[in-house]
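Sequence lines set the chain letters: A, B, ... in the order given, protein chains first and strands last, and positions in each chain run from 1.
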Number of protein chains: 2
Amino acid sequence: MNVTTDHATPTLDDVAREAGVSTATVSRCLNTSDLVSKKTRDKVMSAVELLGYTPNFGARAMAAKRTFTIGAIIPTMENAIFARGLQAFQERLHEKGYTLLVSSTAYRPELEAEQIRSLVSRGADGLLLIGYERDDAVYKYLERRRVPTLAAWAFSDDSPLPSVGFDNQASMLELCNTVLAMGHTEIAVISGIVEGNDRAAKRLEGIRDSLRAHGIDPDRAPVIETSYEIENGAKAFEKLMQAPARPTAVMCGNDVLAVGAMQRAREMGMDVPDDVSITGFDDIELATIVTPQLTTVHVPHRQMGRLAADELIRMVEKDSIGESSQLQSSLRLRGSLKALDDLPANG
Amino acid sequence: MNVTTDHATPTLDDVAREAGVSTATVSRCLNTSDLVSKKTRDKVMSAVELLGYTPNFGARAMAAKRTFTIGAIIPTMENAIFARGLQAFQERLHEKGYTLLVSSTAYRPELEAEQIRSLVSRGADGLLLIGYERDDAVYKYLERRRVPTLAAWAFSDDSPLPSVGFDNQASMLELCNTVLAMGHTEIAVISGIVEGNDRAAKRLEGIRDSLRAHGIDPDRAPVIETSYEIENGAKAFEKLMQAPARPTAVMCGNDVLAVGAMQRAREMGMDVPDDVSITGFDDIELATIVTPQLTTVHVPHRQMGRLAADELIRMVEKDSIGESSQLQSSLRLRGSLKALDDLPANG
DNA sequence: TTGTAGGCGTTATCAC
DNA sequence: GTGATAACGCCTACAA
């Protein structure tokens, strides 16, 4: 027994000494499945156990040039927009022996660039980003460093990155078509900040497309851009309702904004959907918790997460440039949207 | 111009060569504030820029034995229970030049142990854990590795770790006292899983204390233990309502369970609070979104996050063993709880 | 099947 | 102010 009472972090050397073998052998035990006789392996493993040895990640990364780590950078962890998808992403990675590192940017491009560098310097084997609209310098960096990178939550021909996602524009267009088919003509929009956010931009564009196709001038529809927080949805709603001509339907860039709008509507004594219809996007858990339940666009979050994990790992392991795949979203028609004909005649 | 078109990751060496100085000088420019002449510094910085150099984190950690990284391990990212506090924690860390690494355990102790090892092997300078109940082996490991570790979301004399949090038991006791003062005597509980979760256990204990103090046998109150998911709250509620003697108030271990209970109540055609009162714990955003709003215990999440960051950094930098601090929670009485006298006479 | 030894990219301790 | 150079802990040819 060479156990020292020394409290310093044990290293491969210590384990090797304790087990009476070379460091190479210990390393083999820890990494390669066979290649080591059962007897030696047992000896080594109990030394590892005894010493409470854990490999030094930095050293390992440096020597092996692999980390089995994937980085994901999302705009926010504060609400549930990305929670379900990311959870599925991480579960799949875990199954395949990878670890996920997550960081968030508060929707600020410069922070995203910083986080990308940080994850790359930490040796991430691959990166998952949300959407594809970002500074060219970022793409140059990624390319130079040869870091496999995949975009999620968006699918579009505009993407310079392989992407796993859905068509934000088409989805919102379809929802808007439905709203119009229900007789609404006075539509207002509470959009996310469009600048630097392709998902928000495309969703807004989808509404404009739909209006145009129905002979309505898109520029007539009031649009408020605001960041994705419940309180902001509330404020925007209030502002919209101060206009001389009140909209009969308010379409929101996501569920969070929509819930804020619903909340404020109630506080203002307005009934949803009798006085005003409200729609969201994402179909997060919140959508079915509020009263009435929210009409929204359902996104296959979990499927997207799993697919993204599979594809990113393929890119990493097969040195592939990556293949995009488009997922289908679908409408969820619920209580917050009502046909205009059913509205009580007013004035 | 020695710029090569070589796509390999640039190293300190490359920068040094490009700038015509030694690697030591480059390192100084990147790390120490002065100690380098302005002229050299400029030369170096432009080389860094030109090459798109980012330091290799692993190498740096190995040489410096510091990473300016803090790890946090939370039970779940799926709902907002920890979101606000963690956000504040990370903001404060960022201010002080630290990076936060987060991972989650799905409330599984073995996963927590795994994540702890992972973060330690990644060189985390300090760790934030939730609560204090965990296997002794984990504490031994932490001690051996000399990793400064702080517990949050709980404050109790039982804690083997310095902790920043509130008294879960006293908080829930106070809420229960209030419920009883409103005339309720038939109380049922939907608790989180108590095993391995000191917060859940203490909250339940708080209810039992209160009942006992009011001359009610705590063992008479039906208790269902289930994990923190909306749907589980719903199921538990339904089960409770199948009992011959229906409770007049259902106290839930947190807001997530409470919202599930409210949802199911509505689906079952029961009115909250006229037919049954429901309470939660945490005061997450959800609590004010549901109708009626949820009576709950407010926790100073953001304050807790900030304080935890300050304290943990102090432990890391001053090599301190850490000081605990207790925060005050407070009741939020809202629509989901109603005095029993006001209930319509039944039967 | 096992051991030897070089190298991964930094930082820090010396000299100069 | 600046430049050598020895660690740091691990992996992986290459040898034996």
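Base contact: B:Leu12 has a heavy atom under 4.0 Å from a base atom. Using a 4.0 Å heavy-atom distance criterion, A:Ser37 is classed as a sugar-phosphate-only contact.
When the P atom of D:dG9 is taken as reference, atom OH of A:Tyr53 falls 10 Å away, rounded to whole Å. Rounded to whole Å, atom C1' of D:dC11 lies 13 Å from atom CG of A:Asp13. One interatomic measurement links the two molecules: CZ of B:Arg41 to P of D:dG1, which rounds to 11 Å at whole-angstrom precision. Rounding to whole angstrom units, CG of residue A:Asn31 and C1' of D:dT12 are separated by 10 Å. The nearest whole Å value for the distance from the NZ atom in B:Lys38 to the P atom in D:dT2 is 13 Å. Atom-to-atom, NZ of B:Lys65 to C1' of D:dC10 comes out at 13 Å; the value is rounded to the nearest Å. Between B:Asn56 atom CG and D:dG9 atom C1' the separation is 13 Å, expressed in whole Å.
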Atom pairs, protein N/O to nucleotides 13-16 of chain D N/O, distance under 3.5 Å:
none

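Only one option out of A:Val120, A:Ile70, A:Leu312 pairs with A:Leu127 in a side-chain contact (heavy atoms from CB on, under 4.5 Å); it is A:Val120.
Of the inter-residue distances, the one linking B:Asp42 atom CG with B:Ser37 atom OG reads 8.5 Å to the nearest 0.5 angstrom. Here the CZ atom belonging to B:Arg134 is positioned 8.0 Å from the CG atom belonging to B:Leu142, to the nearest 0.5 angstrom.
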Note to self: Is there a side-chain hydrogen bond (donor to acceptor under 3.5 Å, both in side chains) between B:Arg60 and A:Ser121? Walk through the geometry before answering.
What the structure shows: CA-CA 10 Å; B:Arg60 173 176 266 184; A:Ser121 92; over 6 Å; no
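Comparing B:Met62 and B:Gly20 by the nucleotide of DNA chain D whose heavy atom lies nearest to each, the residue mapping closer to the 5' end is B:Gly20.
Using cut-offs of 30° and 60° for the angle between ring planes, the A:Phe68 and A:Tyr98 rings count as tilted. Between B:Trp153 and B:Phe82, the ring planes are perpendicular. Angles over 60° get that label, and only those under 30° would be called parallel. By the 30° and 60° cut-offs, the orientation of the rings of B:Tyr107 relative to B:Tyr228 is perpendicular.
A nucleotide of DNA chain C counts as in contact with chain A when one of its atoms lies under 4.0 Å from a heavy atom; the first and last such, 5' to 3', are C:dT1 to C:dG9.
Residue A:Thr23 places none of its side-chain N or O atoms closer than 4.0 Å to OP1 or OP2 of D:dC11.
Dense packing is recorded around CD of B:Glu317, with more than 12 heavy atoms of other residues, nucleotides or ligands lying under 6.0 Å away.
Between the side chain of A:Glu311 and the main chain of A:Ser324, no donor-acceptor pair closer than 3.5 Å is present.
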